[in-house]
Trainee: 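Have a look at the structure that comes next, please.
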Amino acid sequence: MRTILTIAILLFAWCNLRAQDGLNAKPNVIIIFADDLGYGDLGVYGHPTIRTPNLDRMAMEGQKWTNFYVGASVCTPSRAALLTGRLPVRSGMASRTNRVLFPDSRNGLPESEVTLAEQLQSAGYATACIGKWHLGHKEPYLPTNNGFDYYYGIPYSNDMDIRAGLLDGVGYFDFFTTPAGRETESYNVPLMRNTEVIERPADQTTITRRYTDEAINFIKDHREKPFFVYLAHNLPHVPLFASDSFLHTSKRGLYGDVVAEIDHNIGRVIETLKSEGLAENTIVVFTSDNGPWLPFGVEGGSAGLLRDGKGTTWEGGMREPCIVWSPGNIEPAVITDLGATMDLFTTFSQLAAVPVPEDRVVDGLDLGPVFFRGEASPRQDMFYYRGDELYAVRMGDFKAHFITESGYSGAGRETHDPPLLYNVNVDPSEAFDIGAEHPEVLDLIGQLVAEHEAKMVKGEDQLKDRD
Ligand code: MG
C-alpha cells in the first residue's frame, strides 16, 4: 500500500514538473486579433446562435478572461496599444481630429516606439504580421519596419477605399447593404506582401482563409525556431464577407457566417500546432481590437450585456473577449481579474527574457503569474481615453466616467461633475449610478487620476496630417 502511495506521489510530482517544463525558454507566441468583434459575439461568451466551437474549446482548455480591455475603442489606437504596451496617447497614435488612420494619412507609428515584434525579434524570434495593420501604410510605417520579418495583409480597414461615386446619394451606414456594398470589388483596398501591393482590390470573400493559410505556412516554415505570429483578421468589421462554404450557414445571418468562418480557421491553426508537435510550446491569445460597431444594426456585432460599443468608453467599447490557450501550461480557468492588451507586450517580453524599455512609460503589466500559476492579476486599474482625452477610469470594482459620448455621431458629449460611478462587477451594464453613495470611491479615483495626469506626457498627434 505504502509503495503504491509513494509511486502515486512521485508520478504526481513528475506530472507537475512536466507541466511547468512544457514551455521552452522562448515559447512561440500567436496573437489572433479580430476586428470589431464584440464581447457577446462568441458562443463561450454567451451568444445564443453564433457557433464558435473552436474558440469555445480553447476557452474550456485554457483561460477565459471576463474583464479584459483594449487600449482604445477604435482600430488604430487599439492596435498601437497592443503592440507597444502603452496607452496610445503616449505614442501620439490617438487624436482629437482623426480617430484612426485613413488611406490619405501621412504618418504612422513613430519609429521611436518599440513594438512587441521588435522585442521578440531581438530575442531571435521569427516574426510575422498577417492581416490588418492600420498603424501606417506608407513604407516607413509598415510591419516590416516595425519588427516583423514578414507581412501579408490589408494595411488598413476593409471599408476604406470605397470606389469613387458609389457613395453618391447613399448614406455611409446604408451603403454596405446595397447591391454594390455587397461586392468585394467596391472596396479598392490593397493586399500587400511585405512592402508590395499584390492584389487590388483585395478579394475579401476569401481573405480569412488566405490569412490563415499564410499563418499556417509561416508556422510550418519556422517550427524549428521560436516564432511570433500576429494574425489580425480584417473581419468581422463591415463590409462583411464570407466564403461560399460559410455563406447562409448561421442562424445569426451574415455576421454569424463571418464569425463562424474565423472560428473555423482558428481551429486550423490549432490543428497545425498539434500536428507539428508545437502546441505545448506555444501560447495562443485570441481577442478583438474594439467593441461592436452598433450603428450597422445586424451587420455589426454585440457587446452582450455590456453597455454601448465601438467608439465609446462604455464597457461595450473597450472590454473584449480574451482566450489564452497553451495546453499543459495554462490550467483551465475563468479569470475575472483585470487584464489588457497592453499587458501582452510586457508578458511576452518577460517570457522571452527581453527587458521592457525603461526610457519611457510602459503601461503593460506582466500577466505571466496569472497565466501560468493562476495568481491574482497585477492590474488594478484601467484608463479609458477617447482621442487624447481621459473619459473614464476603472479602479478595482468601480468605474468613474468624467465624460461620456456616443460612438460615432459626435453627438451626446456630456461632462459629469461629479462623475458617474458604477460597480462594473455588480453592474456590468453600467445602469445604476452609485456616485452619491460612494463619495470615498470617487475621492480615491480622483487621486489616481491626479497621479496619472501629473506624469502623463502626450505624444505628438500622428493621425492629424492627411493629404
Ligand atoms: Mg476595429
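Read the numbers this way: they start at 1 and go in the same order the structure lists the ligands and their atoms.
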Trainee: Specify whether an N/O/S atom of C75 falls short of 2.8 Å from the Mg ion (ligand 1).
Mentor: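 Under 2.8 Å: C75 contacts the Mg ion (ligand 1) through an N, O or S atom.
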
Trainee: Is the shortest side-chain N to carboxylate O distance from R193 to E214 below 4.0 Å?
Mentor: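 The answer is yes: the pair qualifies as a salt bridge.
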
Trainee: Using a 6.0 Å distance limit plus a 45 degree cone around the ring axis, check whether R466 lies over the aromatic ring of F102.
Mentor: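 Flagged: R466 positioned over aromatic ring of F102.
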
Trainee: Please round to the nearest 0.5 Å and tell me the distance separating atom CG of D35 and atom NE2 of H237.
Mentor: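 It comes to 5.0 Å.
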
Trainee: Tell me, which N, O or S atom in D35 is closest to the Mg ion (ligand 1)?
Mentor: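 Of the nitrogen, oxygen and sulfur atoms in D35, the Mg ion (ligand 1) lies nearest to OD1.
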
Trainee: For N/O/S atoms only: which one belongs to D36 and is nearest the Mg ion (ligand 1)?
Mentor: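 When I compare the N, O and S atoms of D36, OD1 is nearest to the Mg ion (ligand 1).
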
Trainee: Examine Y422 together with H401 and report whether their ring centres are nearer than 6.0 Å.
Mentor: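 For Y422 and H401, the ring centres are under 6.0 Å apart.
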
Trainee: Compute both the distance and the angle, then confirm whether K399 meets the cation-pi test with Y384: under 6.0 Å from the six-membered ring centre, within 45 degrees of the axis.
Mentor: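 Yes, a cation-pi geometry.
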
Trainee: Within N290, is some N, O or S atom less than 2.8 Å away from the Mg ion (ligand 1)?
Mentor: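 It does; at least one qualifying atom falls short of 2.8 Å.
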
Trainee: Taking the Mg ion (ligand 1) as the reference point, name the nearest N/O/S atom of D289.
Mentor: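 Minimum-distance N/O/S atom of D289 relative to the Mg ion (ligand 1) is OD2.
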
